[in-house]
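The first residue in the sequence is number 1, and the count goes up from there. Side chains are part of it too, since the values below use all heavy atoms of this structure and drop only hydrogens, waters and symmetry mates.
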Amino acid sequence: MSDIQRNEKQEVTIVDIKMPFISMVVFLVKLAIASIPAFIILSFIFMILSMLFGGLFHGMGMGMGRY
């Protein structure tokens with residue numbers, strides 16, 4: 001039976017990543033640029049949830065005699 005066929009867990013520890021400095025800088029710049037649309041999408045989701053729950057709780061408070 002080969003090693004691939006057995007279902008034994010093998011632990012792996014990464015000790016070092018060899019990557020040129022310029023490549024790392026380019027990667028981090030791309031990561032920063034990619035985070036902008038993600039932040040915009042999450043902002044819209046938070047805005048919609050805030051409007052939903054804000055309207056819900058405001059409507060609940062209207063009948064309580066606050067105004």
Side-chain angles (χ1 to χ4, degrees):
M1 203 173 205
S2 69
D3 290 336
I4 297 173
Q5 292 176 349
R6 284 187 263 158
N7 290 330
E8 295 180 6
K9 292 184 179 180
Q10 296 180 356
E11 293 186 17
V12 176
T13 303
I14 298 174
V15 178
D16 189 19
I17 297 174
K18 293 182 180 180
M19 187 174 190
F21 180 73
I22 298 299
S23 296
M24 182 68 77
V25 170
V26 170
F27 173 71
L28 292 175
V29 168
K30 287 181 180 181
L31 181 69
I33 292 171
S35 68
I36 295 170
F39 178 74
I40 292 171
I41 291 169
L42 289 175
S43 297
F44 277 119
I45 291 172
F46 182 72
M47 179 182 65
I48 290 169
L49 288 175
S50 296
M51 289 188 322
L52 178 71
F53 286 115
L56 179 69
F57 291 129
H58 181 71
M60 289 172 55
M62 290 290 281
M64 302 287 284
R66 292 178 140 192
Y67 297 97

With clusters defined by side-chain heavy atoms of hydrophobic residues (ILVMFWY) lying less than 4.5 Å apart, directly or transitively, does I14 cluster with M24?
yes

Is there a continuous path of hydrophobic side-chain contacts, each under 4.5 Å between heavy atoms, that joins I36 to M47?
yes

Starting at OG of S23, measure out to CG of L28 and round the result to the nearest 0.5 Å.
11.0 Å

Same cluster or not: L31 versus I22, using hydrophobic residues (I, L, V, M, F, W, Y) connected whenever any side-chain heavy atoms lie under 4.5 Å apart?
no

